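First up is the structure itself, then whatever we jot down about it.
Since the model is a prediction, treat every value here as computed from it, not as a measurement.
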Amino acid sequence: LNISDDELRGLFPITKELVYFDHASTGPMPSSTRTAVETCLDTYSRQAQFDFNVYFSKLARARLLVAKLIGADPEEITFTQNTSEGVYIALINIPMQEGDKVIVMDEVFPTVRYVADHNIPHAQKIYLKFCRKDPVAVLRNNLDKKVKAVVIDHVQFFTGEVIDLPRLSNFLMENEVKLVIDGIQAIGALNMSVKDINIDFLAVGASKWLFGPNGVGFLYVNKKNFKSLNRLHTGWLGASWKNFEDFELNPPLFDDARMFEQGTRNVIGIISLMENCRLLQSYGMDNVEKRILGIKTRLIEGFKELSYDILTPLTGRQSGIVTARPKKDATSVYNLLQSNKIVVSLRNRALRFSPHFYNNEEEANKILEVLRL
Ligand SMILES: Cc1ncc(COP(=O)(O)O)c(C=O)c1O
């Protein structure tokens with residue numbers, strides 16, 4: 001995308017109001033996406049519905065752009081409401097018998113914990129710590145024939161630690177164990193392709209690094225699993241309708257990830273997600289990641305000068321998150337940032353900073369200036 005920094009920042013009106021370094025919580029909607037949503041609302045208010053062909057071509061385009069973002073094929077993508085729904089679809093569709101086991105990363109955000117604890121009662125849940133450990137070593141001691149799946153947050157929500165998926169996924173594939181990933185803190189910030197890693201399911205909500213809005217997301221299902229899925233959480237729009245005029249003949253469910261779109265979809269959400277993916281891809285995910293890491297590096301230098309306790313591991317692959325604990329009481333520092341129109345997260349007496357590609361070093365410097373006060 002041939003776009004100047006000013007033009008890029010112009011797409012994010014939030015930059016006029018705030019220094020917004022809180023994408024690990026919620027991402028702001030770009031103005032280009034807002035325009036697309038307004039066009040969609042216009043259709044709804046003037047003619048109630050999209051023309052059948054327009055509707056399905058938009059859906060196909062959205063699926064293609066989401067697939068391209070992660071290096072998947074379109075039929076490996078199903079639209080969801082959020083990360084939870086994606087993890088849910090994954091876990092109920094992995095064939096398991098009474099007494100089979102699911103290993104869950106203990107440091108997950110509550111999303112995975114709630115889904116795993118309450119929706120697969122036949123499976124035994126085993127929680128293991130993965131942070132700052134070699135994931136293969138953790139698993140080697142706990143794997144047996146009853147383990148059917150491992151569920152991991154790719155990026156840990158508090159410290160931003162990136163779990164080494166390539167190593168983990170190869171080990172699991174050799175042992176025929178399914179790998180389910182919560183990717184919400186990675187996708188949209190990090191350049192990654194599911195073709196390079198043996199992930200079975202990747203659940204992503206759009207609300208953070210994909211610029212929202214709330215209530216839309218997607219699940220990637222590796223096509224090698226299509227034949228063995230339990231085919232649960234399916235519905236009439238998980239089938240290949242040719243039109244909406246003849247309901248005598250019910251078409252069969254798709255044989256791929258699209259089978260999971262149960263009924264009437266969140267079209268406004270999907271159109272937003274499509275526009276956000278288009279923007280990220282036209283800038284290039286490699287460039288997006290580079291920009292984020294550049295700003296993060298500047299913050300880290302500043303935190304070191306301030307003798308902050310940096311809670312983010314600084315070796316290994318980096319995410320868009322850096323978390324640090326100030327010398328002073330974190331709440332008062334957080335309030336000071338707020339009063340200077342700087343938005344970050346306050347978590348466990350530490351500050352979590354999560355810049356995106358439209359942020360810049362000037363903003364990072366402004367944050368550091370306030371922190372020096
Ligand atoms: C790692 C992680 N997973 C999931 C979520 C949210 O889950 P959902 O999209 O289901 O609301 C968050 C943050 O809110 C998160 O940090």
Side-chain angles (χ1 to χ4, degrees), residues 23-27 62-63 65-74 76-91 93-94 104-105 107-116 130-131 135 149-169 172 178-212 214-223 225 257 260 269 273 276-277 280-281 285-286 288-289 292 316-321 354 356-357:
H23 299 86
S25 290
T26 305
R63 207 182 300 278
L65 282 167
V66 169
K68 270 178 76 178
L69 185 76
I70 58 164
D73 292 332
E76 293 177 302
I77 302 296
T78 192
F79 293 110
T80 59
Q81 295 183 60
N82 45 44
T83 321
S84 302
E85 190 185 7
V87 174
Y88 171 75
I89 295 171
L91 288 181
N93 274 286
I94 297 172
V104 182
M105 170 172 157
E107 302 93 336
V108 286
F109 186 80
T111 293
V112 163
R113 189 176 289 274
Y114 274 79
V115 174
F130 280 83
C131 285
V150 171
V151 196
I152 300 276
D153 282 4
H154 185 19
V155 172
Q156 208 276 340
F157 71 96
F158 173 51
T159 65
E161 177 171 349
V162 181
I163 305 298
D164 183 357
L165 289 188
R167 232 172 101 63
L168 178 74
S169 64
L172 290 180
K178 302 293 177 204
L179 177 58
V180 181
I181 297 296
D182 170 343
I184 193 172
Q185 293 290 8
I187 305 302
L190 302 190
N191 185 24
M192 64 180 269
S193 167
V194 291
K195 290 278 178 280
D196 302 333
I197 314 173
N198 294 303
I199 297 174
D200 291 288
F201 301 88
L202 174 69
V204 181
S207 59
K208 300 177 189 293
W209 299 92
L210 289 171
F211 305 119
N214 284 1
V216 69
F218 65 89
L219 170 71
Y220 155 80
V221 182
N222 188 324
K223 59 168 70 159
N225 293 302
F260 300 122
L273 173 58
N276 296 341
C277 286
L280 286 167
Q281 276 161 48
M285 277 312 300
D286 46 347
V288 168
E289 177 171 343
I292 293 173
R317 181 147 196 210
Q318 292 297 303
S319 69
I321 295 174
S354 46
H356 214 316
F357 77 126

Could you grab the distance from atom [atom1] of [X] to atom [atom2] of [Y], nearest 0.5 Å is fine?
{"X": "H154", "Y": "L190", "atom1": "NE2", "atom2": "CG", "answer": "6.0 Å"}
{"X": "L219", "Y": "N93", "atom1": "CG", "atom2": "CG", "answer": "9.0 Å"}
{"X": "Q185", "Y": "H23", "atom1": "CD", "atom2": "NE2", "answer": "11.5 Å"}
{"X": "I187", "Y": "F218", "atom1": "CD1", "atom2": "CZ", "answer": "6.0 Å"}
{"X": "I163", "Y": "L168", "atom1": "CD1", "atom2": "CG", "answer": "8.5 Å"}
{"X": "N191", "Y": "L69", "atom1": "CG", "atom2": "CG", "answer": "9.0 Å"}

Is there a side-chain contact (heavy atoms from CB on, under 4.5 Å) between M105 and V150? Walk through the geometry before answering. CA-CA 8 Å; M105 170 172 157; V150 171; over 6 Å; no

Within-4.5 Å side-chain heavy-atom neighbours: [X] and [Y]:
{"X": "V112", "Y": "V104", "value": "yes"}
{"X": "L210", "Y": "L280", "value": "yes"}
{"X": "I94", "Y": "V180", "value": "yes"}
{"X": "V221", "Y": "F260", "value": "yes"}
{"X": "F109", "Y": "T83", "value": "no"}

Residues two or more places apart in sequence or in another chain: which of them pass side chain to side chain donor-acceptor pair (under 3.5 Å) with N276? T33

Residue list, side chain to side chain donor-acceptor pair (under 3.5 Å) with E289, at least two apart or on another chain: R317

Quick check against the 3.5 Å criterion: does [X] have a side-chain atom that pairs as donor or acceptor with the backbone of [Y]?
{"X": "S169", "Y": "I197", "value": "no"}
{"X": "T78", "Y": "A257", "value": "yes"}
{"X": "D153", "Y": "V108", "value": "no"}
{"X": "R63", "Y": "I77", "value": "yes"}
{"X": "E161", "Y": "C131", "value": "no"}
{"X": "K208", "Y": "S25", "value": "yes"}

Minimum heavy-atom separation for [X] and [Y], please, with both atom names.
{"X": "A24", "Y": "S354", "value": "N-OG, 2.9 Å"}
{"X": "V162", "Y": "S319", "value": "CG2-N, 3.6 Å"}
{"X": "A67", "Y": "D73", "value": "CB-C, 3.7 Å"}
{"X": "V66", "Y": "C277", "value": "CG2-SG, 4.0 Å"}

Could you tell me which residues satisfy salt bridge (charged side-chain N to carboxylate O under 4.0 Å, His left out) with [X], sequence neighbours excluded, listed by chain and number?
{"X": "E85", "answer": "none"}
{"X": "E76", "answer": "K195"}
{"X": "D182", "answer": "none"}

If the plane angle is over 60° it's perpendicular, under 30° parallel, otherwise tilted; pick one for F211 and F357. tilted

Which atom pairs, donor and acceptor, lie under 3.5 Å between side-chain atoms of residues 200-207 and protein residues at least two apart or in another chain?
| residue | atom | partner | partner atom | Å |
| --- | --- | --- | --- | --- |
| D200 | OD1 | N225 | ND2 | 3.0 |
| D200 | OD2 | L179 | N | 2.8 |

Quick one: do I292 and W209 satisfy side-chain contact (heavy atoms from CB on, under 4.5 Å)? Show the steps, please. CA-CA 11 Å; I292 293 173; W209 299 92; 4.2 Å; yes

